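Note that the coordinates shown come from a computational prediction; the quantities given were computed from them, not determined experimentally. Order of the sequence lines sets the chain letters (A, B, ...), proteins ahead of strands, with each chain counted from 1.
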Amino acid sequence: MKLQPIGDRILLKVEAAETKTAGGLIIPDTAQEKTQTGKVVAVGDDKDAIKVKKGDRVMYDKYAGTSVKIDGDDHLVVKMQDIIAIVE
Amino acid sequence: MKLQPIGDRILLKVEAAETKTAGGLIIPDTAQEKTQTGKVVAVGDDKDAIKVKKGDRVMYDKYAGTSVKIDGDDHLVVKMQDIIAIVE
Amino acid sequence: MKLQPIGDRILLKVEAAETKTAGGLIIPDTAQEKTQTGKVVAVGDDKDAIKVKKGDRVMYDKYAGTSVKIDGDDHLVVKMQDIIAIVE
Amino acid sequence: MKLQPIGDRILLKVEAAETKTAGGLIIPDTAQEKTQTGKVVAVGDDKDAIKVKKGDRVMYDKYAGTSVKIDGDDHLVVKMQDIIAIVE
Amino acid sequence: MKLQPIGDRILLKVEAAETKTAGGLIIPDTAQEKTQTGKVVAVGDDKDAIKVKKGDRVMYDKYAGTSVKIDGDDHLVVKMQDIIAIVE
Amino acid sequence: MKLQPIGDRILLKVEAAETKTAGGLIIPDTAQEKTQTGKVVAVGDDKDAIKVKKGDRVMYDKYAGTSVKIDGDDHLVVKMQDIIAIVE
Amino acid sequence: MKLQPIGDRILLKVEAAETKTAGGLIIPDTAQEKTQTGKVVAVGDDKDAIKVKKGDRVMYDKYAGTSVKIDGDDHLVVKMQDIIAIVE
């Protein structure tokens, strides 16, 4: 399945969150607050509004958007206003 | 019965959701979260706002729109803003 | 009594809903969800906004508008934005 | 006391509701849903917005406006948007 | 203390409400619904919005504005949109 | 600490409220409704919106703004729309 | 990790709050209301809206923005409208 977002919407692949504790232990994300970063997979057709591009890693508002599974991976369709920052 | 949506509204035929589990078993959609895809049956007269066309398969916001049965099939009249993405 | 709707309002005569069950039995509408169709009786003076005409059969948003009895029949004054589709 | 409504406001004299039952019996309005008609007594100074004139009998939104007694009679100051239709 | 309202605000001196019953008895206003009239004491500097002048007796929306005591008298600072009518 | 308000915001020094009763007794303000006056200490850079100047004594909406202590004194940063009147 | 805020958003490094009591005792901020100041680390690309610059120390609305840890330090991405004042 391939999704083409409409207008100022953006399709993100949600990133699996892994975190090292101070002792170096890796905790899977169910044990902590979910991170809010994703990779841009596709962008809508509203070129004036869209300020990210395919491949950008972005931070987004918690609870924003609509969840969708694509080929078993968690994705999210969010609006441009839900994108907070580009993670560099 | 034939419905002609008004303005930026779109008439969708809701898709029956079937899902294969990892083991290949098919679960009818009452046992899972309803998918949110439909096929565009008719579009309103607001040509500037409407960005999908008859035959497109689209994803829409959960709870959006007004349900209506046409010839026994579930349909939905949604506004353009409720269409999230085109499914290709 | 005759009502002349104002602005983008539309006066509808609500249709009595009758439904045949699979077995052909007719159920009066108190026993089921009320249908939301009506016939346009009069339209307001905002010609730019109004996109239906006298005699059209239309579908409207549940709970929209103001109920009024005219000569014993259920009518509804709704705004144009509450009209979802023309039923053909 | 004389009231001069401001802007797009309209002063209505609320009509006492009397209803004949099928058998011709008159029920005072406390026993039924209050009708929502009134006669236009004065209109505000916003001539572009005001689409009714002194003497018109109009239907208005339930709960709209501010009640005021003038010479013992129930009046209502409503905004133009609360006027639904002219009763002819 | 003297108050100069800002923008489209208006300073009113609230009128003490006295009412004669049918028998001529005067009831102090705690025993009835408070009237909503006041006298305009000062107006703001937004001359386009302000449509009342010092000395006008006006009716205003219940619960509108901010109460303030000036020299022991109840005053109210309201916005122009809270003024319903001029009482003549 | 010195605060420079941004946009249409205004920094006020909240006035301690003292009130003489009829008998001349002074009641500290915890025993009465808090007055809502303050002195303008600094104004934002939105010169078109700002209609008060440093030194003005103003009345403001109850609960408006953000409290901040500066050198032990209660201050408040409010928006211009929260300023009701200039106290003269 | 480096964050580049989008539009009128601003990345702040939240300041740890230390307060001297009258007796000179330092109280860690869990024991008092959290201060709301931070240092601007990066600003978005909406140059017209952004009125602070990297290095400014600013006060912001309580509860505004999205928290994020960068290299172990508390940061906050806020919108320009959440910035109340520049602390000088």
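Taking NZ from K79(F) and CD from Q81(G), the interatomic distance works out to 7.0 Å, rounded to the nearest 0.5 Å. The CD1 atom of I6(F) lies 7.5 Å from the CG atom of D56(G); values are rounded to the nearest 0.5 Å. We find the CE-CG distance between M59(G) and L3(F) to be 5.5 Å, quoted to the nearest 0.5 Å.
For chain F, the nearby part of V52(G) is the side chain; its heavy atoms alone come within less than 4.5 Å.
Shortest non-hydrogen contact noted between I83(G) and R9(F) is O-NH1, 3.0 Å. Counting all heavy atoms, side chain and backbone alike, A85(G) lies closest to P5(F) at CB-CA, 3.9 Å.
Around the NZ atom of K53(G), the shell of radius 6.0 Å holds no more than 12 heavy atoms that belong to other residues, nucleotides or ligands.
Applying the side-chain contact (heavy atoms from CB on, under 4.5 Å) criterion to D61(G), with sequence neighbours excluded, gives T66(F), A64(G), D82(G), I84(G).
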